[in-house]
Amino acid sequence: MNWLLKRIKGDPVIWGVVIVLSIFGLLAVYSSTGSLAFKQKGGNTEFYLFKHLLFILIGLGLMWLAHLLDYRYYSRISQLLLYISIPLLIYTLFFGVEINNAARWMAIPGTGLTFQTSDLAKLALIMYVARFLSKRQDTIHIASSAFYPLLMAISIVCVLIAPANLSTALVIFSTCLLLMFLGRIPLKFILAVVGSGVVFFILAATLVLKMPDDSIKSVARLATWKARIENFMGGEENVGGNYQSMQAKIAIANGGLLGKGPGNSVQKNFLPESFSDFIFAIILEEYGLWGGILLIGLYLTLLYRSIRIVIRSPKAFGALLAVGLSFSLVIQALINMAVAVNIFPVTGLALPLISMGGTSTLFTSVAIGIILSVSRNIEPDGDESEEEPVLEKGGNHVIA
Amino acid sequence: MNVKRAILWRVYIAFAGVCLFGLLILWYAFKIKVVEGEKWREKAQELTTDFQTIEAVRGNIYADDGSLLATSVPIYELRMDFRAGGLSDEIFKEGIDSLAYLFSITFQDKSKSEYLREFMNARKLGKRYFLLKRRLGFQRVKEMKTWPILRLGQHKGGLIIIEKDQRQRPFQLLAYRTIGYSVDGVAPVGLEGAYDGVLGGVSGKRLMQKVSGGFWIPVNDENEIEPENGKDIYTTIDINLQDVAEDALYETLVKNDAMNGTAVLMEVETGHIKAIANLTRKSEGVYAEEYNYAVGESAEPGSTIKLVSLIALLEEGASMGDSVDVEGGITTYFDRKMKDSEPGHYDKLTLQQAYEKSSNVGVSKLVYKHFKDQPQKFVDYFTELGLAEPLGLQITGEGKPRIKQPGDNDWYGTTLPWMSIGYETQFTPLQILSLYNAIANNGTMVKPMLVTQVRQTGKVVDHFEPTVIKDKICSKEVLKKVRIAMEGVVAPGGTARNLMNPNYTVAGKTGTAQMARGGRYNKSFYKSSFVGYFPADHPKYTCIVSINGASRGVYYGSAVAGPVFKEIADKVYANSLQMHQDIEETIEVPEMETPPNIAGQMDDIRTVMNDLGISNKVIGDESEWAQTRRLNKSMEVEKRKVIGNLVPNVVGMTLKDALFLLENAGIKVQAVGTGKIRKQSMRPGSRVYRGATIILELR
């Protein structure tokens, strides 16, 4: 145990948050997969628990490995990963494994596992944006130096993800915009993108909604998008399609402020995807509003601890890397929760570290591992010096 | 400006934004829980979802040639919701008149005004589940979906279609009891019952949600668990032979006004049951398949059991020539009289004669002589011949055999002699049949079987081979003697001489037993049976016919059961080429100037010959059909008789002519080879069976 503890470095608070979230996730997954286990595994209720536990343990292992590596290596790695993930995205788009009419998945040869290429691309892209921003800090105000090339890279990735997984593409795009804002890209550029994006989206959505059903069917995901938007806007009268949101609301209402207690959810049997997309609704049913507060608090703690790294980090890359990854993670978490309480339409995003997600859990773990790697390198052996380290201008010489 | 500070304040702003977003989520959660809580909890009460079962399609049961014995067809029930949301007064008024008219002319059961009144009434009362029609076929429902109002569907037209699977037996009565049924709440019967698990498949599940109006709608596009359809089973039943067996049995039961009867035909080598008929009297002249007597009725068999006595005696060293004093046909054991069926004809008989004439006194006296000091030894022969245990059939409900043991409370001094002639023991007809089949099968007893294969979407997933129960039931020498004795039964001196015929040989045994009713034997209640195999020299089939309670004065096994046996055997014979001796071929003389002999329509034959310049002349009457006789320089044309109900002689004809004649007579034709017809499987002049198949050999 001591041997292990000596080898675990980095912010202990982040480690703690990860452990607590994982336990929370195990409880919620075990509870909400009950009916799935009966339908698919003949009542072997432990099947999904152990499967999830296995992924969490492998994830912790990867997290530990990732945090051992000096974060400065990730700068070069990010470039490499991005170059790998773009062809992979193209491949997935055309030859990917289709699940629910969306070709998001790619088989890992020889393992029987599949993973979403967008998970890999997201990780690579955020690291890459951090790298690029830190390198161009000197000329950050010149659009052609930092803004245009970055927008280009981000757009390529998002356009490749969008056909199969529009919501993920949107989330990645927004997170990157946020990261650009954090990295001192002038606000006017960003607002211009946001503005034109909003206009484009309103036009596109109107077009899709107006299109007749017949012609929509020929485009793989259009029908799903249309249905989701319609469900969200149609309100509770649209009984058939709004089923998920309504069941989620019933679950949340059922739990009351105090919750029904772990494992006592009723709605888990009626709520499809209660173990992934809608797991927050089950948590609100079983643990009440306090469960929700605790969960959001944990994610915000994670985010706050990453922000603290900025204060201490001597290098722009480390700061932007940690902040970028943690914002991405927490934003995804909050969007998932927002879907469960029906602020957003159904997106299909999982709740990081909580949802039963399989391989996507592993990418989340690697991301946290990288955050930990940054924190390990700026806080050598818990030495908290009060001295204000100066963030150096520019980042060219950061890479070892 | 300090870069780090610039980044930091941006990070703080973003962090604040994220915190606010988190608070917003919590606020929404709070709102749903507290502000809207009541509303959603009520909604939960209203909304009921349920996993509903999707019945798997039940598998089919097939006959040996692949024809369907039982299958499931969807039938529909149409109901109407007269208060459907979209069914406005306008729509209703506009369409209801023609709807009533269409119902009236399509179903012809009520007038248009009657239908109209019913519909108007249902509308007024707001019926939401009004029965329109039951038991409709798919085509009819398809048609009705185009009718006014109904064509608007469920929400506007109120049409509710309920689909159910109905089991159908294309051959109706045929083997009904053996095919059986499986219905909820009733003990399952026959193959449907025994193979319920195989046929039934695994039902699927689908998450359904109850919405307003009491309808259930599926929640997701796909089923949660897909149903797995049932497998098909292939039986040994030959539908043509089954038809003959059922027909012949029916006719005989009616003729003798009998209580019930069974007839089973089995293939010697394999134990395949080709036909199994069971009929119970409902009222005079009306019979139905209600109980599987062949499988389930364990009763005193009567004289057919004398086969056991014969084998026991021969194994103990008796010989066929041993003579016995039959005392004119009446003797007494202790205080009980035993009589032959027709006493007074003989004084002395050999064992062979005693068996052929079914002398009770003769057989029982010989058994008594050999076994009275060691009755157990006699009883053990029943076990040795495989009669002590049930057969272990593929269907349930098999009757248990009963054999008294010396030392039992009800073992009396008279038990041994009466046991030797078929009383005081109980067996099912199929057990007796299996014993006789073993004799036909050179001493090897095989289990009667009904199911050969289980298939899933055409692929064989399970198959059943013939099972040997006993490899050898008796010694070779004994077997030979027994077979001669059984052939003697269907010979001039035997009890079943009425079954003799020139085409094939039969060996078997008659049985006529008084039946116990209410604990007492009844003089006027008999079990009449015949069991045997054919052809006697190379047995192919074994058959048992057992009829209870023939009540028109005739009750002998040969007279009541014999004709049924004969009709079945005739049909089998007519259908199988391999059992035939070749019909003599006309000898051709090659040097003649005239063409080979031919048969066909007289006009055609004469036209052809005249055109070819062959002199010909008609012998006897002019007629439609004719055959030629070849002379050295000319041909004679002779009438060929064709009579409505009899199989015509088509040898020498072309296939075209033969097809015309045979199919007009209601016979199915199967042709092998090309050229003229050289051989036909059914004897010319024999009776035509409905749906029978004739095999023609062409050369």
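Letters A, B, ... are given to chains in the order of the sequence lines, protein chains preceding strands, and every chain is numbered from 1.
Closest approach of B:Phe30 to A:Leu257, counting heavy atoms only: CD1-CD2, 3.9 Å. Between B:Val11 and A:Phe327, the shortest heavy-atom distance links the atoms O-CZ, 4.1 Å. Residues A:Leu182 and B:Ala14 share a closest heavy-atom pair of CD2-CB, 3.9 Å. Between A:Ala253 and B:Gly37, the closest heavy-atom pair is CB-O, 3.9 Å.
Residues A:Leu284 and B:Lys33 have side chains in contact (heavy-atom distance under 4.5 Å, counting atoms from C-beta outward). Using a 4.5 Å cut-off on side-chain heavy atoms (C-beta onward), B:Tyr28 and A:Asn342 make no contact. A:Asn254 places none of its side-chain heavy atoms less than 4.5 Å from the side chain of B:Trp40. Proximity of B:Phe21 to A:Ile331: side-chain heavy atoms (C-beta onward) are nowhere separated by under 4.5 Å.
Annotation: maximal heavy-atom pairing with chain B below 4.5 Å, among A:Gly297, A:Ala338, A:Gly292, A:Ala281, occurs at A:Ala338. Between chain B and the residues A:Gly256, A:Gly255, A:Gly183, A:Ala251, the largest count of heavy-atom pairs under 4.5 Å involves A:Gly256.
Rounded to the nearest 0.5 angstrom, A:Phe181 CZ and B:Ile13 CD1 are separated by 4.5 Å. Here the straight-line distance linking atom CD1 of B:Ile7 with atom CD of A:Gln137 works out to 5.0 Å at 0.5 Å rounding. Rounded to the nearest 0.5 Å, atoms CD1 (A:Ile311) and CZ (B:Arg5) are 12.0 Å apart. A distance of 4.0 Å separates CG of B:Leu24 from CD1 of A:Ile343, quoted to the nearest 0.5 Å. A distance of 7.0 Å separates CZ in B:Arg10 from CG in A:Leu187, rounded to the nearest 0.5 Å.
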Exercise for the section: Could you walk me through whether A:Val341 and B:Trp27 pass the side-chain contact (heavy atoms from CB on, under 4.5 Å) test, one step at a time? Expected result: CA-CA 9 Å; A:Val341 296; B:Trp27 164 245; over 6 Å; no
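Surrounding NZ of B:Lys145 are at most 12 heavy atoms belonging to other residues, nucleotides or ligands under 6.0 Å away. Dense packing is recorded around CD of B:Glu163, with more than 12 heavy atoms of other residues, nucleotides or ligands lying under 6.0 Å away. Around the NZ atom of A:Lys260, the shell of radius 6.0 Å holds more than 12 heavy atoms that belong to other residues, nucleotides or ligands.
Residue A:Leu179: no heavy atom, backbone or side chain, is found under 4.5 Å from chain B. For A:Leu289, the parts sitting under 4.5 Å from any heavy atom of chain B are the backbone and the side chain alike. For A:Tyr304, the parts lying near chain B are the backbone and the side chain together; criterion is any non-hydrogen pair under 4.5 Å. Proximity to chain B is limited to the side chain of A:Ile296, based on heavy atoms less than 4.5 angstrom apart.
No donor-acceptor pair closer than 3.5 Å links the side chain of A:Arg184 to the backbone N or O of B:Ala6.
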